[in-house]
Trainee: 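I have a structure I would like to understand better, so I am pasting it below and will then ask my questions one at a time.
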Amino acid sequence: MTLSDPKHKRVTIIGGSIGGLFAGLFLRKAGWQVDIYERVPDEIKSRGAGIVTHAPLFDALRRIDAMPDGDVGVAVEGRRVFASDGVVTGSLPFPQVLTSWDRLYRLLYDRFPRERYHQGRSLISIAQQDDEVVATFDDGRVIRSDLLIGADGHRSTVRMQYAPEVQPEYAGYVAWRGLVQESALSPDTREALFRHFSFSLPEREQMLGYPVAGANEDMRLGHRRYNFVWYRPADERTELRRLLTDKNGNSNGMSVAPTAIHPDVLGELRSEANRRLSPQFTEIVHRTELPMIQPIYDVTSKQVVFDRVILLGDAAFVARPHCGMGVTKAAQDASALFDALTEQPDIDRALARYQAERVPFGTRVVQHAQALGRYMQAQIASAEERRAAEIYRTPEAVMKETAASAFLEDYATSVAH
Ligand SMILES: Cc1cc2nc3c(=O)[nH]c(=O)nc-3n(C[C@H](O)[C@H](O)[C@H](O)COP(=O)(O)OP(=O)(O)OC[C@H]3O[C@@H](n4cnc5c(N)ncnc54)[C@H](O)[C@@H]3O)c2cc1C
């Protein structure tokens with residue numbers, strides 16, 4: 001089938017988060033009739049907090065005319081490592097812009113037509129008949145289109161139907177995350193932390209943090225917030241279960257709402273901060289009102305195209321957050337799909353090209369993030385694995401590799417040859 005016939009250019013996107021919106025805006029630019037279906041009934045509220053940016057994210061925003069005139073986020077000049085006594089033991093010039101999930105979501109959501117963004121609609125199943133994709137939703141509605149994009153996150157319903165064997169694999173550690181108001185911090189801590197992307201490196205753990213905009217994208221001094229992520233090992237059968245059991249004694253699978261975290265667990269988090277982190281980061285943990293806990297997963301797909309159904313963003317690959325690539329990768333997936341569909345008139349060939357590009361790329365990002373985080377895993381199989389893991393434990397390696405995209409340059413070179 002070629003794409004010159006306009007009536008064959010209907011696309012259904014499942015998931016209206018960052019990946020779905022990037023895909024929607026790119027495909028509208030390519031002339032497709034796009035409808036996004038999002039399970040959450042109201043406007044999606046903040047997921048996590050800080051987002052690291054990389055050059056390809058800005059390229060993608062520019063390509064869909066979503067790059068704002070003002071700042072995308074807060075700029076820092078470099079990186080620092082704090083020892084447990086608060087002394088700076090390493091530094092690296094590394095200018096970078098740190099933004100937030102809310103900021104990116106709004107940039108995209110505000111550009112997508114409201115009447116084509118359908119909220120409170122959850123995909124149940126998909127059938128493919130005669131070059132048409134038929135999607136059935138929880139309210140019984142059936143939507144037909146020429147292409148369906150699963151941008152429905154790491155537990156993707158779309159992926160579960162086409163590749164049920166691909167499951168999120170727990171990495172052996174969790175991330176505690178949180179945001180604290182700049183104004184709630186002592187002058188010394190503000191001075192130490194707000195111009196850099198900083199780390200504290202207790203044995204087999206990693207604390208990192210950076211400044212982000214305040215409420216309503218406020219970037220004024222004194223009105224910003226500080227975002228932290230503290231990685232800690234947690235054995236799946238014992239410690240993880242305990243951490244995720246809520247204050248009423250209920251265990252709800254692999255997550256717990258921040259307001260339901262057991263007070264004993266929060267108390268321990270704060271006392272562990274006293275024991276293990278630099279004083280600046282200890283203060284950050286103590287002043288954070290609602291810390292969140294997220295188990296860390298890997299998702300690796302071998303296939304991202306199933307006839308006229310494709311996977312994109314976290315539905316296709318989830319890399320541990322150490323390269324800070326989740327949002328950038330979703331934007332690149334959407335950008336690559338646009339290129340394939342606009343440069344290749346035959347849809348099957350275009351989708352084959354998307355798969356040929358995105359599977360090796362996603363696999364590379366997942367593997368690199370695994371290497372960066374391996375030393376924090378609760379269990380490491382062998383001494384050899386532990387030795388390999390230690391390469392990325394030094395302050396120099398942590399500063400150079402975390403939330404950095406230099407490894408992609410090697411990847412681009414290897415693909416080009
Ligand atoms: C600790 C941590 C730190 C991170 N830090 C960074 C960072 O610094 N930089 C970065 O780029 N990324 C980071 N990420 C990852 C980033 O948040 C995601 O990769 C990114 O948001 C892309 O997600 P997505 O749109 O593909 O999926 P999601 O954001 O998960 O969205 C999926 C959407 O699909 C909807 N949905 C699900 N099922 C259905 C259904 N059946 N029907 C309809 N809708 C459905 C959901 O409601 C949701 O809105 C981090 C992640 C974690 C856990």
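Note that this is a predicted model, so its numbers are computed, not measured. Both ligands and their constituent atoms are indexed starting at 1 by order of listing. The basis for the numbers below is simple: all heavy atoms, side chains too, and nothing from hydrogens, waters or symmetry mates.
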Trainee: At under 4.0 Å between heavy atoms, is it the side chain or the backbone of Thr328 that contacts ligand 1, or both, or neither?
Mentor: backbone
Trainee: What is the ring orientation for Phe338 with Phe26, classed by angle as parallel under 30°, tilted 30 to 60°, or perpendicular over 60°?
Mentor: tilted
Trainee: Can you find a pair of side-chain heavy atoms, one from Glu236 and one from Met254, that are under 4.5 Å apart?
Mentor: yes
Trainee: What about the rings of Tyr231 and His322, do their centers lie closer together than 6.0 Å?
Mentor: yes
Trainee: Looking only at distance, does Gly16 have an N or O less than 3.5 Å from an N or O of ligand 1?
Mentor: no
Trainee: May I ask you to identify, for Ala403, whether its side chain, its backbone, both or neither come under 4.0 Å of ligand 1 on a heavy-atom basis?
Mentor: neither
Trainee: Is the contact between Pro321 and ligand 1 made by the side chain, the backbone, both, or neither, using heavy atoms and a 4.0 Å cut-off?
Mentor: side chain
Trainee: Any nitrogen or oxygen of Ile51, main chain or side chain, under 3.5 Å from a nitrogen or oxygen of ligand 1?
Mentor: no
Trainee: Please state which part of Thr157 comes within less than 4.0 Å of ligand 1, counting heavy atoms only: side chain, backbone, both or neither.
Mentor: side chain
Trainee: Tell me if the centroids of the rings in Tyr210 and Tyr226 come within less than 6.0 Å of each other.
Mentor: no
Trainee: For atom 35 (C) of ligand 1, which of Glu38, His154, Met292 has the closest heavy atom?
Mentor: Glu38
Trainee: So, regarding Leu312 and ligand 1 (criterion: nitrogen or oxygen to nitrogen or oxygen, under 3.5 Å), is there a contact or not?
Mentor: no
Trainee: Is ligand 1 under 4.0 Å from a heavy atom in the side chain of Val327, in the backbone, in both, or in neither?
Mentor: both
Trainee: Using a heavy-atom cut-off of under 4.0 Å, does the side chain or the backbone of Arg177 touch ligand 1, or both, or neither?
Mentor: side chain
Trainee: What distance separates Asp35 CG from Tyr117 OH, expressed to the nearest 0.5 Å?
Mentor: 12.5 Å
Trainee: So which bit of Gln294 gets within less than 4.0 Å of ligand 1, heavy atoms only: side chain, backbone, both or neither?
Mentor: side chain
Trainee: Would you confirm whether the ring centroid of Tyr37 sits within less than 6.0 angstrom of the ring centroid of Phe137?
Mentor: yes
Trainee: Does Lys329 come within less than 4.0 Å of ligand 1, judged by its heavy atoms?
Mentor: no
